[in-house]
Amino acid sequence: MLPVVALVGRPNVGKSTLFNVLTRSRDALVADMPGVTRDRHYGICRVGERHFVLVDTGGLADSEEGLAGLTARQVELAIEEADVVIFVVDARDGLLPTDQAILERLRRAAEPILLAVNKTDGLDETLALADFARLGVASPLSLAAAHNHGTLNLIKALEPLLPPAGDEPVSGDDEGGVRVAIVGRPNVGKSTLVNRLLGEDRVIVSDVAGTTRDSIRIPLVRDGHTYTLIDTAGVRRRSRIDDAVEKFSVIKTLQSIDAANVVVVLLDANEGVTDQDAGLIGHALDAGRALVIAVNKWDGLKKYDRDRCTSSLQRKLVFVEWAPQVTISALHGTGIGELMKLVNRAHASANRKLTASELTRALETAYAAYQPPLVRGHAPKLRYAHPGGSNPPTIVIHGSRTKHLAESYRRYLENYFRKRYKLVGTPIRIDFREGENPYAGKKNVLTEGQQKRRQHMIRNAKNAKRGKR
């Protein structure tokens with residue numbers, strides 16, 4: 001169990017930048033504007049002799065209404081579970097009343113506090129630190145997180161404050177198990193679903209679309225299975241995205257799809273399948289990720305609306321008809337158990353281990369049952385198959401004239417393999433490979449035996465010609 005260190009401060013003082021530097025990652029979304037971070041973001045700091053869990057938090061503002069109040073609640077939770085708090089302030093702004101109010105709140109929590117004076121690059125460090133002497137915190141540290149200046153001194157000052165090794169402080173994020181990315185349009189209930197699975201208000205839930213801006217990774221153990229849930233920002237139609245931060249949020253969401261083992265695409269039952277939903281599913285398909293379709297807010301629909309939603313699913317998701325669908329209510333918890341069963345099944349299918357012998361036998365059976373159309377009067381030959389990887393399952397098929405196989409025959413083979421091996425919720429990739437003719441492009445190149453036979457035929461022809469004469 002690793003100790004926990006929380007980064008706390010006003011908005012836009014550089015907490016997320018410091019988080020990325022200490023965790024040696026780009027996990028936290030960083031922009032030159034306040035209020036980008038809202039939820040708690042966890043990572044492992046391996047700088048120095050002691051490793052610890054680092055928690056990035058949203059900025060504490062003067063007002064605690066609306067989203068600011070929800071953000072403040074997340075900061076309070078981070079302070080409660082922390083063993084040490086790093087209080088980050090901005091040297092360029094100087095000491096502000098909000099900083100003093102935050103420090104009073106931290107002192108009430110009775111946790112060890114380190115004062116990190118950030119953005120001192122280009123300033124007189126002595127004067128910058130003197131400005132914050134009124135806070136009464138011993139040994140403030142000069143820092144320029146954007147340039148990785150002063151971070152080693154910060155670690156050296158932090159390590160003596162950590163609990164002794166072997167104690168059992170509160171643990172943080174433990175990346176492991178099945179990585180499940182929950183994606184969808186804004187306000188479809190992604191954060192509500194995450195909180196329902198965790199049984200706590202781990203991420204901010206609001207009626208305001210776009211509340212979640214970053215991709216938050218959270219460990220979960222459920223029914224003996226270990227997961228890492230990835231709550232992502234909602235993706236809107238590109239023409240409606242003007243905010244630069246939202247553009248980066250969308251990029252982080254797409255990166256989360258690539259990093260996941262299973263993608264849960266959350267749909268709003270009131271709206272059916274939109275173009276943005278189909279686009280997200282298409283991205284998961286291109287990435288080769290296992291896929292589960294979850295239709296949220298189902299419990300509030302009347303029969304007519306349910307029938308209309310079902311019709312929309314059947315009509316617009318025909319290109320991923322292999323992806324299982326489940327209706328849920330993230331708010332009330334109905335259908336959550338079935339959803340996680342489908343996640344487990346999709347993950348198992350995506351990582352199914354197949355052998356060359358069984359794939360070749362299956363290919364022979366499929367080929368005998370339905371042969372591909374003729375190509376220039378000749379039938380393509382499919383000789384043998386072997387596995388080419390997993391997640392998604394990849395099948396390599398060797399044969400002749402495979403370049404001219406119709407796409408419909410590829411789909412036939414995909415469906416045949418899927419049915420034979422009971423693969424649910426995962427795409428299947430088939431890679432056709434064709435043996436090259438070693439004499440292609442080499443005219444009049446004969447083997448030694450062919451050359452001898454040719455010379456023999458020439459001699460016979462000459463002898464026959466002399467005899468006639």
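For the pair Cys309/Thr327, no side-chain contact is recorded, criterion being any heavy-atom separation below 4.5 Å from C-beta on. Between Leu158 and Phe52, some side-chain heavy-atom pair lies under the 4.5 Å cut-off. Contact check for Leu382 versus Tyr409: side-chain heavy atoms found under the 4.5 Å cut-off. Annotation: side chain of Leu317 is in contact with side chain of Gln325 (closest heavy-atom distance under 4.5 Å). Tyr416 places none of its side-chain heavy atoms less than 4.5 Å from the side chain of Leu363.
A donor-acceptor pair is defined here as one N or O able to donate and one able to accept, closer than 3.5 Å; such a pair exists between the side chain of Thr57 and the backbone of Leu7.
Atom NZ of Lys341 has 12 or fewer neighbouring heavy atoms from other residues, nucleotides or ligands inside a 6.0 Å radius. Summarising the local packing, CZ of Arg345 is surrounded by 12 or fewer heavy atoms from other residues, nucleotides or ligands at distances under 6.0 Å. Within 6.0 Å of CD in Glu407 there are more than 12 heavy atoms belonging to other residues, nucleotides or ligands. Atom CG of Leu152 is surrounded by 12 or fewer heavy atoms from other residues, nucleotides or ligands within 6.0 Å.
Applying the salt bridge (charged side-chain N to carboxylate O under 4.0 Å, His left out) test between Arg185 and each of Asp275, Asp277, Asp268 identifies Asp277 as the sole match. With Tyr412 as the partner, the ring-ring contact (aromatic ring centres under 6.0 Å, His included) test is satisfied by one option alone out of Tyr367, Phe417, Tyr370: Tyr370.
Under 4.0 Å is where a charged nitrogen must lie from a carboxylate oxygen, and between Arg429 and Asp431 no such pair does.
Between the side chains of Tyr227 and Asn344, a donor-acceptor pair is found at a separation under 3.5 Å.
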Stepwise side chain to side chain contact (heavy atoms under 4.5 Å, CB included) check, Val273 with Ile293: CA-CA 11 Å; Val273 182; Ile293 309 295; over 6 Å; no
Going through the checks in order, is the side chain to side chain contact (heavy atoms under 4.5 Å, CB included) test met by Tyr421 and Glu358? CA-CA 10 Å; Tyr421 298 110; Glu358 61 183 358; 3.9 Å; yes
